[in-house]
Amino acid sequence: PRPMSSPPPLRLLYAGTCRPNTTPQSVHEIRFKRPVHLHSFRILCDGEAPHAEIPAIVGQTPNVQLGVEFFGGEHGKQELCVALLAAAHRRTELSAPSAQAPLLPLAASLRCDYLVVRSDPVPLSLCLYGTEAEPLPATPPPPAWLALPAFRHVRRGLAEQQPAEQQPAVLSNGDFAGERSAECGGGGEAAAALDVAILMVDSRPPFAYEVGGTTLRSPEEWGLPRSVLSERWRPTAAHGGGPAPNGNAGVEGKGTPEEVLQSRTEKMGTFQLALVTNHIYAQLHGYRFYLENPCPHLHIGVTEADWNDALEPSQRSEPKWAWREGMRQYTNRDPVCPGLPADHRLGPFPPRGPPWAKLAAIRYLLRRHAHLAYIDSDVFVTEVWQPLPPLLEATGLLRGERWIAAAEEFPPQKLRRDTRAGLANSGVLLLAGAPIAGAGILRAIEEWIWPVGNPTWSFKWPFEQNALTTVVFRRYPRRYTLLKPGCPLNSPFGALLRHLVGGTPHRAVYHPDHRTAWLAEALRCTIRALNRSADSHAPLERCTPNEERFELDSHGCGEGDKDSLHTTPLSPSVLGRLRAADAEACCGLCNADEACAGWTFLWKWPASALNCVLLEAFEGVTHYEGRVTRAKLPRTGGGAGAAGAAGAAQQTRTYIVPPPLFGATGPS
């Protein structure tokens, strides 16, 4: 038999000293010109010179115990930073000569041209040993959406909508049904090979789905069987509804398939609807999608152990931050996510309030992917055919010149003059990962996790968002891009990534009660885009159901008429019952109908109920908390309302209120 060839001898691939750069751990990056296979490493003691043939290699590591971790991978691959040690290596040899320590066996077969080293904040002199990897041709698989015939027409529609000079930046990523895109030239392969990840963080159960007639579907980890979605699909029961009659369907995997599907549908809410839309978007463009849950179990009230673990190391010796009864009373109602240990996939991470937990997942993915889009649980993509590279290019993230792109806070915070939340909303973030931005972005995230300040901020809203401004933006002023809300990120009117936030400057402009109905309609709109026929010439529909639709004359709807507040009509003659965003919209509907003599609006009813009643006549009013009733005021002259006093019509812009999503939501 032919003798087996001996493995190539190990070579010294790297030798150098990494200086401490942040606390509580330093993060360093090492780049190789060509891919290598790493086998072992050595931590050089102070003054040690292990390679006599290279006298310049002299150790500078102090004689102290320390821990070190290695994460490696190859650019352009999905798993960029693979752990090369099962656990952090603890150094025990404090004097020369040092010995080589092996890495995991998988490191010997892993192609690596990028290495991240995490260690205690002391000078670290390293030698890395291994072999050079054989060159391999890189042929990334095409995005899944290339198999959808409908997107041939989507591309043609986009070309018709955009100016010629903008077409290469707006068209989708590359080839269609195996044909080369002439307009995009050779950019298709580069876009398809772009390493982009999309991240959502939530502890609620996902929704298992598949889009009928396509290969788009949820992973098996989300549950089986999958619900088949079409453009006519809609949830059939209210969020949080009860189980099936036999009681088994409320437990995932138990009961008949029909009961499991019914139980899962009953759990549909804002998060699940946004999740499905965003997961479809990731599949269409070949992006990696992550649904992480760094905080599966939280508890109420900060404990002494939580407090001590949450302190920045320099604060632990300060008497003013010692745990005491006043701290317990101040934080006894705050939700707390327990810390994650170092051996956790997303760890280590200190105890923090729930909004902070996403940073553990963001840090994990920034080590592994060139670009990351983090989106909150109430954010969805409005145009699934639009790729991210043009936006990454516009914000300076594509090549790593900038690290973070975010949008300013939506008006409610500004109107309240609440400066605690900082400049930017952290619900939608675009980030450049370590493969593009280097170790600097990892240092910035560590500084965001460990802001120096009052430790109670680690458990209070909105200081996670505040730290993005006061720590990251302030320290790295040239590394972030701040966009206006909605253009195209954040706010309920975001052009691409729409954030249906919980606050509003005025309910006639945006009402948070409609979020679930809007997201259900946006999902159906997305499915219509996927199923459109290739020969259809209808314009592409942007999935933004909460846009403003019409204007109403709200003459006579001012707040000056205090006598008719909190009242209900006596002996009313009802003209009609309608849905309205708020009292001004109800008044505008009355003013638009000549037969309407007055109106009554029920503040306490859900926004999707028939909360606006138009009246032909009523004899009087009686006190009723939660309702406002008013007579229709004349269009000119001094009426009782503020608009009447002004003698001019007051215009208000509103939108069509969506119908109830789950059936009746209030008295009819």
Side-chain angles (χ1 to χ4, degrees), residues 238 412 415-416 502-517 549-668:
L415 294 175
R416 292 197 299 264
T504 179
H506 197 285
R507 294 194 297 179
V509 177
Y510 165 75
H511 201 315
D513 281 5
H514 299 320
R515 288 186 291 178
T516 303
R549 302 293 177 89
F550 59 87
E551 274 191 20
L552 290 175
D553 178 4
S554 62
H555 173 73
C557 297
E559 295 298 329
D561 187 3
K562 300 298 182 183
D563 293 337
S564 61
L565 290 175
H566 307 306
T567 57
T568 187
L570 293 176
S571 302
S573 175
V574 176
L575 178 65
R577 300 177 185 271
L578 304 166
R579 300 182 182 92
D582 71 344
E584 284 193 1
C586 183
C587 177
L589 292 167
C590 180
N591 286 331
D593 191 335
E594 292 185 1
C596 182
W599 52 272
T600 180
F601 183 80
L602 298 110
W603 288 99
K604 292 187 176 181
W605 281 17
S608 56
L610 301 176
N611 49 14
C612 173
V613 181
L614 305 184
L615 306 171
E616 283 186 307
F618 63 100
E619 295 180 1
V621 294
T622 185
H623 182 78
Y624 181 91
E625 192 71 24
R627 180 197 290 257
V628 57
T629 301
R630 288 185 183 151
K632 184 177 179 179
L633 298 179
R635 288 192 171 274
T636 58
Q650 175 187 350
Q651 297 292 326
T652 182
R653 190 175 291 272
T654 185
Y655 50 77
I656 297 175
V657 177
L661 182 62
F662 301 106
T665 56
S668 61

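Source: prediction; values computed, not measured. Values reported hereafter were calculated over all heavy atoms of this structure, with side chains retained and with hydrogens, waters and symmetry mates removed.
- Going from atom OG1 of Thr629 over to atom CZ of Phe601 covers 11.5 Å, rounded to the nearest 0.5 Å.
- How far SG of Cys596 is from CD of Glu616: 9.0 Å, rounded to the nearest 0.5 Å.
- For the residue pair Thr567 and Arg627, no side-chain donor N or O sits within less than 3.5 Å of a side-chain acceptor on the partner.
- In this structure a side-chain-to-backbone donor-acceptor pair under 3.5 Å is present from Asn611 to Ala580.
- Looking at every heavy atom in both residues, Phe618 comes nearest to Gly598 through CE2-CA, 4.3 Å.
- Across all their heavy atoms, Ala595 and Leu575 have their closest contact at C-CD2, 4.0 Å.
- Atom-to-atom distance recorded for Lys632:NZ and Cys587:SG is 9.0 Å, nearest 0.5 angstrom.
- Separation of atoms CG (Leu589) and CZ (Arg579) is listed at 12.5 Å; rounding is to 0.5 Å.
- Each of Val613, Val628, Leu615 was scored for a side-chain contact (heavy atoms from CB on, under 4.5 Å) with Trp599, with one residue passing: Val628.
- Taking CH2 of Trp603 as the reference point, atom CG of Asp582 lies at 5.5 Å (rounded to 0.5 Å).
- Rounded to the nearest 0.5 Å, atoms OG (Ser573) and CG (Leu614) are 11.5 Å apart.
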